[in-house]
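Data first, discussion second: the structure below is written as structure tokens.
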Amino acid sequence: MELPVATHCPYCSLQCGVTMRAAAPRPPIIEPADFPTNRGGLCAKGWSAPELLDHPDRLTSPLVRLDPADRSSPLRPAGWAEALDRIVTAIRASQAAYGLPSVGCFGGGGLTNEKAYQLGKFARVALRTPHIDYNGRFCMSSAATAGNRAFGIDRGLPFPLSDIAQARAILLVGSNPADTMPPAMQHFDAGRAAGAAHIVVDPRYSATARGSTLHLQPTPGTDLALANGLLHIAIRDGYVDEPYVAGRTTGFEAVRAAVAAWWPARVERVTGVSEAQLRRTVQLLATAPSAMVLTARGAEQHSSGTDTAQAYINLALALGLPGKPHSGYGTITGQGNGQGGREHGQKADQLPGYRRIDDPAARAHVAAVWGIDPAELPGPGVSAVEMLDRLGIPGGVRAMLVFASNIVVSAPDRNRVRERLLALDFLAVSDIFLSETAALADVVLPTAQWAEEEGTMTNLEGRVLRRKRVLPPPPGVLDDLTVLATLADRLGFGKYFSPDPETVFDELRRASAGGIADYAGISYERIEAEDGVFWPCPAAGHPGTPRLFTERFPTPDGRARFLRVDHRDPAEVPDREYPYVLTTGRIMQQYQSGNQTRRAKSLKVTAADPKVELHPDLARRHGIGVADLVELRTRRGRAVFRACLTDTIRPDTVFAPFHWGGLASANALTDPTLDRHSKMPAFKVCAVAVSRAGGPDDVAPATPPPVHAVTPDRKDG
């Protein structure tokens, strides 16, 4: 029998340790491992992951349009030579007609560090374009921006996940790990069992909230006002750690003055959270011997998401938490490589190591590693939503390459996004299935899955992990590193690129050296020997940094920064035509755009239909019964879901999952208004109208990805 291979689950940022045996018949058997994050646990998504390796929908050859001039013509199988020729021809044609910036790349938070790094390098070196961004802009950008501003660094959790079990009080804002990352609940449950007080802030009485000491149920979009109100009480009641503030921070007096206006009665009127709950929250946090403030997308995916994250950082700093044992502020990263994916060059303004692309010293360092003149590097591009909104128009991207992202389902205002994708002169998509986005492409490239490739991932703790190859990809399938290296070679830049993951990682180490996210001392061998290595790790003899901020903050003066932030109403508020608030999020059985999980048979059993959660009072007002079809309508579009009546949600709020496309696309509804600092879209709040669209026996709206007809053709290699 073959020895088991130690690797990691392909889904969320926990990156649970698993072992797999590649024994015939496929797919291989998966077992959870006793890894520090999951400690032998695995959720339903992880257990189902091997199903997809040999799924009948799997792409196993490139696809191209039957008529290259007509994107509505069917896709047909093609050989790699023809597919890559079409991509290179389109790139050169666009560059000749519209200039180098007319070609763009769009990446994903599920790419390995090596692929994210190589994609960023490919855009800057082989394409010489500023236009690259990725779907992490939809996920982590607000928390990342706030962390960089306040602490001088962005690492989701500045401490190991296991520290959560030791914290005596936790304020968890906008997160439901019991559904979104169940194995993490071991750490929360251990703390609760030892007497820790957990306060959950969520407009839904979620599975996580049900085990909490206190549940705060604010009006969506008022988290910043809530944070300012909590800090007001902490100051008023003498809970501020004055020696910590004086010795380790700057800017507190401006914040003190700002929150003076957020007295408890005002906060209750704005948020709906009672004065008694506000006072109790502050008391629990301030009197505990160790405490954490943790935020996630519920607080951050707003037009004021950066300021909201900053407001909770202000609270944590005032209580003297960051850098103390089993205490601090953190944000819970979502995507599998959401942390590493935003560190090494996928972002429009970024070079490897979390360096800024407009910093002359950063440009000189990275250019030296790459062997090019710094003057050859383009400047900053625009953020994901801004790039998508300008596709196919003068000055915008005309030809685009997409890797590991299903934009049609995951981006806000999906009807507008689909329209812009169709306006491109050329679209190429690399994916494992024919997603809603791939179905619009001129060329579709099949790619290797997680268990078929080597590479590294960086989880929510900043722990760099090794993803190992368990089995080869199907015949005719290439991995993205090979595709990027091959395309670069065809464009005349092959000498700068390698298809070998470890070679790419070693170059990433050199490129990141001295940067904020410094991987210089991390090697494949160390990762395997040490259950992962925490960055920053600047040298081979450095132990890595599991806990940040213990002595100083990585800012020029070593101090953390308070920043004044003020509550603003959401960009879109309810009115007579759209009288309710829509908020969106994940459910346990599905992941991101659902391109993978919607195909897993074992998950379909438990989550066959997309459901909208409605309070019974709201449902009664509109004549909606259990399992009826419900139409949601906003200023951007409409979607239809199955009704789930529950008193765990506010009566003025509806919740819809974002994992589906077709008629059940939540992002046909969402507001594309951007945070002014991070360019994060406002996924969590928009105004919505609700109506009954059918009975419980009517056909549900869940639809498979819109697959264009495929015409068989010969393969020419």
Side-chain angles (χ1 to χ4, degrees), residues 142-143 145-152 158 169 171 173 199 201 216 218 221-271 273-288 290-295 299-300 302 304-324 327-331 549 552-553 555-569 676-677:
S142 288
T145 303
N148 281 321
R149 293 199 308 175
F151 302 131
L171 178 64
V173 188
I199 307 108
V201 181
L216 312 184
T222 63
D223 295 297
L224 200 161
L226 179 65
N228 279 350
L230 295 174
L231 181 52
H232 175 105
I233 293 172
I235 294 169
R236 184 197 67 185
D237 293 354
Y239 288 125
V240 173
D241 187 335
E242 299 288 358
Y244 179 98
V245 169
R248 300 205 61 189
T249 73
T250 62
F252 180 59
E253 290 310 315
V255 172
R256 185 198 296 269
V259 301
W262 288 97
W263 55 90
R266 182 187 180 195
V267 174
E268 180 174 347
R269 286 197 301 273
V270 171
T271 68
V273 178
S274 71
E275 292 187 42
Q277 286 184 312
L278 296 170
R279 289 194 301 270
R280 178 64 172 153
T281 298
V282 174
Q283 181 189 39
L284 289 171
L285 285 175
T287 59
S290 57
M292 293 178 179
V293 177
L294 303 176
T295 65
E300 299 156 9
H302 297 273
S304 58
T306 300
D307 287 348
T308 300
Q310 180 67 53
Y312 284 97
I313 290 172
N314 288 343
L315 176 63
L317 289 172
L319 298 177
L321 304 180
K324 290 187 175 178
S327 299
Y329 166 84
T331 182
F549 317 145
R552 68 187 308 276
F553 294 92
T555 58
D557 59 5
R559 293 169 175 258
R561 289 169 173 75
F562 283 93
L563 292 172
R564 173 176 178 154
V565 288
D566 298 306
H567 169 73
R568 303 188 309 277
D569 284 338
R676 57 183 172 167
H677 303 294

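Please read all numbers here as calculations on a predicted model, not as lab measurements.
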So do Tyr312 and Val565 actually touch side chain to side chain, heavy atoms under 4.5 Å?
no
Rounded distance (nearest 0.5 Å) linking atom CD of Glu300 with atom CD of Gln310
12.0 Å
Test item: Arg676 and Asp307 side chains (from C-beta on) under 4.5 Å apart, heavy atoms
yes
For a side chain to side chain contact (heavy atoms under 4.5 Å, CB included) check, start with the C-alpha distance between Val201 and Thr281, then their side-chain angles and the critical distance, and finish with the verdict.
CA-CA 10 Å; Val201 181; Thr281 298; over 6 Å; no
Atom pair CD (Glu275) and CH2 (Trp263), whose distance is rounded to the nearest 0.5 Å:
11.5 Å
Please check: side-chain N/O of Arg266 versus main-chain N/O of Ala261, any donor-acceptor pairing under 3.5 Å?
yes
Minimal non-hydrogen separation, His232 against Ala260, with atom names
CE1-O, 3.2 Å
Would you find a donor on one side and an acceptor on the other, under 3.5 Å apart, between the side chain of Arg559 and the backbone of Thr249?
yes
If you define the side chain from C-beta out and look only at heavy atoms, does anything of Lys324 sit under 4.5 Å from Ser290?
no
Closest contact, heavy atoms only, Arg236 versus Pro264:
NH1-CG, 3.6 Å
Shortest non-hydrogen contact from Leu317 to Phe151?
CD2-CE2, 4.1 Å
Got Trp262 and Leu231 here, is their nearest side-chain heavy-atom distance under 4.5 Å?
no
Would Asp241 and Leu321 count as a side chain to side chain contact (heavy atoms under 4.5 Å, CB included) here? Give the steps.
CA-CA 9 Å; Asp241 187 335; Leu321 304 180; over 6 Å; no
Given the rule in the side chain to side chain contact (heavy atoms under 4.5 Å, CB included) test, do Arg149 and Thr306 qualify, once you have shown the distances and angles that lead to the verdict?
CA-CA 10 Å; Arg149 293 199 308 175; Thr306 300; 3.6 Å; yes
Check this for me, if you would: do Arg279 and Asp237 make a salt bridge, where the nitrogen-to-carboxylate-oxygen distance has to be below 4.0 angstrom?
no
For the backbone of Gln277 and the side chain of Ser274, can you confirm whether one donor and one acceptor N or O come within less than 3.5 Å of each other?
yes
Search all heavy atoms of Gly323 against all heavy atoms of Arg248 and return the closest pair with its distance.
CA-NH1, 4.3 Å
Ala309 to Ala146 - nearest heavy-atom pair and separation
CB-CB, 3.7 Å
Do the side chains of Asp566 and Arg568 get close enough for a salt bridge, i.e. N-O under 4.0 angstrom?
no
Would a 4.5 Å heavy-atom cut-off, applied to side chains only, mark Leu284 and Arg280 as touching?
yes
Between Leu278 and Leu230, which heavy-atom pair has the shortest distance, and what is it?
O-CD2, 3.6 Å
Given 3.5 Å as the limit, does a donor-acceptor pair link the side chain of Tyr239 with the main chain of Leu285, or not?
no
Is there a side-chain contact between Leu216 and Thr271 in this structure, where contact means two heavy atoms from C-beta onward sitting under 4.5 Å apart?
no
Just checking, is any N or O donor in the side chain of Thr295 or Tyr329 under 3.5 Å from an acceptor N or O on the other one?
yes
Would you compute the distance between atom OG1 of Thr222 and atom CG of Asn228 and round it to the nearest 0.5 angstrom?
11.5 Å
With a 4.5 Å heavy-atom cut-off, do Asp223 and His302 have their side chains touching?
yes
CE of Met292 to CG of Leu171, rounded to nearest 0.5 Å, is 12.5 Å
